Amino acid sequence: MTEREHQFMQAAIDLARQGMQGGKGGPFGCVIVKGNEIVGKGCNAVTSTNDPTAHAEVVAIRDACLHLQVHQLAGCELYTSCEPCPMCMGAIYWARPDKVFFGGTRTDASAAGFDDSFIYEELKAPVAERKIPLLNIDREEAVKLFAEWIAKPDKISY
């Protein structure tokens, strides 16, 4: 890794520490970089905002997209203090940055009490066997929305 990359990872780690010590949430931080500029940043704010989706990566993606006025982050790099959880990976894939750099691993996070292994296991399980039931209802009505989307002349694809 280059000195530049180490500097941006350190910025994510510093942000995680500031958020944790400032009472925002757990020890997680993230910065999003375009060129040599931080265009988005976030620290974990789950407990301070009562929002289970307020992980550092999601907060940083929202911040970068708002700052850049885009809904995808092509041309950007994401630096996060820890390996992203499944939810954050979903957000990262939707945001489409060019690269993701992470510090600690999911094993390191688990040792500190942040264990998301149950989510990885649930995602591998057949839908009918998951702990939170997923029940398919009113499919015919819901599918009509896709036909409306396909016919919509002013849609913005993503």
Side-chain angles (χ1 to χ4, degrees), residues 1-127 129-132 134 146 149 152 154-158:
M1 296 296 129
T2 67
E3 182 59 31
R4 173 189 170 279
E5 292 163 345
H6 288 292
Q7 288 176 348
F8 288 125
M9 179 57 72
Q10 190 60 54
I13 291 168
D14 291 345
L15 192 58
R17 184 171 287 113
Q18 291 167 11
M20 176 182 63
Q21 292 176 346
K24 285 193 172 187
F28 304 97
C30 180
V31 297
I32 297 176
V33 175
K34 185 163 189 155
N36 287 315
E37 178 189 359
I38 293 176
V39 295
K41 54 186 170 179
C43 61
N44 181 284
V46 169
T47 56
S48 63
T49 62
N50 294 315
D51 180 354
T53 69
H55 289 201
E57 297 89 343
V58 173
V59 173
I61 288 168
R62 290 173 179 161
D63 188 44
C65 288
L66 183 64
H67 176 83
L68 296 173
Q69 292 296 292
V70 297
H71 66 274
Q72 293 180 339
L73 297 173
C76 295
E77 300 167 340
L78 187 146
Y79 294 81
T80 182
S81 63
C82 189
E83 181 179 356
C85 75
M87 176 187 68
C88 292
M89 281 307 304
I92 288 166
Y93 276 103
W94 279 113
R96 296 183 175 99
D98 292 354
K99 291 181 186 174
V100 174
F101 298 88
F102 67 93
T105 66
R106 68 175 97 160
T107 304
D108 300 326
S110 178
F114 298 95
D115 189 3
D116 54 12
S117 63
F118 74 96
I119 299 171
Y120 288 99
E121 293 305 312
E122 280 290 291
L123 292 175
K124 288 191 269 181
V127 171
E129 295 176 20
R130 293 185 182 167
K131 290 182 175 57
I132 297 176
L134 289 167
F146 294 120
W149 173 256
K152 185 174 171 39
D154 61 341
K155 68 180 168 269
I156 298 173
S157 297
Y158 58 98

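Just so we're clear, the structure is a prediction, and the values are computed from it rather than from any experiment. Heads up: numbering here begins at 1 and tracks the sequence.
- Atom CG of Asn36 is separated from atom CD of Gln7 by 9.0 Å, given to the nearest 0.5 angstrom.
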I'd like a table of donor-acceptor pairs (distance under 3.5 Å, sequence neighbours excluded) in which one partner is a side-chain atom from residues 10-27, with atom names and distances.
unit_1 : atom_1 : unit_2 : atom_2 : d
Gln10  : NE2    : Asp14  : OD1    : 2.8

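- With sequence neighbours excluded, no residue satisfies ring pair (Phe, Tyr, Trp, His ring centres under 6.0 Å) with Phe102.
- Listed for the Ser81 side chain is no donor-acceptor partner under 3.5 Å among the backbone atoms of Gly103.
- Identified under the ring-ring contact (aromatic ring centres under 6.0 Å, His included) test for residues 5-28, with sequence neighbours left out: Phe8-Tyr79, Phe28-Phe114.
- Taking the charged nitrogens against the carboxylate oxygens, Lys124 and Glu121 do have a contact shorter than 4.0 Å, which makes a salt bridge.
- For Thr105, the side chain to side chain donor-acceptor pair (under 3.5 Å) test picks out Asp108, with sequence neighbours left out.
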Enumerate, atom names and distances included, each donor-acceptor pair closer than 3.5 Å involving a side-chain atom of residues 54-72, sequence neighbours excluded.
unit_1 : atom_1 : unit_2 : atom_2 : d
His55  : NE2    : Pro52  : O      : 3.4
Glu57  : OE2    : Thr80  : OG1    : 2.8
Asp63  : OD2    : Lys41  : N      : 2.9
Gln69  : NE2    : Leu66  : O      : 2.6

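- Residues Pro97 and Ile32 form no side-chain contact, since every pair of their non-hydrogen atoms from C-beta on lies 4.5 Å or further apart.
- Minimum interatomic distance between Ala74 and Lys34 (heavy atoms only, all atoms of both residues): O-NZ, 3.9 Å.
- Between Leu73 and Leu78 the shortest side-chain heavy-atom distance does not fall below 4.5 Å.
- Taking each heavy atom of Phe101 and Met1 in turn, the nearest pair found is CE2-SD, 3.6 Å.
- With hydrogens and angles disregarded, a donor-acceptor distance shorter than 3.5 Å links the side chain of Glu5 to the backbone of Thr2.
- Note that the CD1 atom of Ile92 and the SG atom of Cys85 stand 8.5 Å from one another [nearest 0.5 Å].
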>> The test is side-chain contact (heavy atoms from CB on, under 4.5 Å); show your working for Arg106 and Tyr120 and say whether it passes.
In response: CA-CA 11 Å; Arg106 68 175 97 160; Tyr120 288 99; 3.5 Å; yes
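- Here the side chains of Glu122 and Ile119 are not in contact, with every heavy-atom distance at 4.5 Å or above.
- Within 6.0 Å of NZ on Lys155 lie more than 12 heavy atoms contributed by other residues, nucleotides or ligands.
- Residues that satisfy the salt bridge (charged side-chain N to carboxylate O under 4.0 Å, His left out) test with Arg4, not counting sequence neighbours, are Glu77.
- Taken from CG in Asn44 to SG in Cys30, the straight-line distance is 11.5 Å, to the nearest 0.5 Å.
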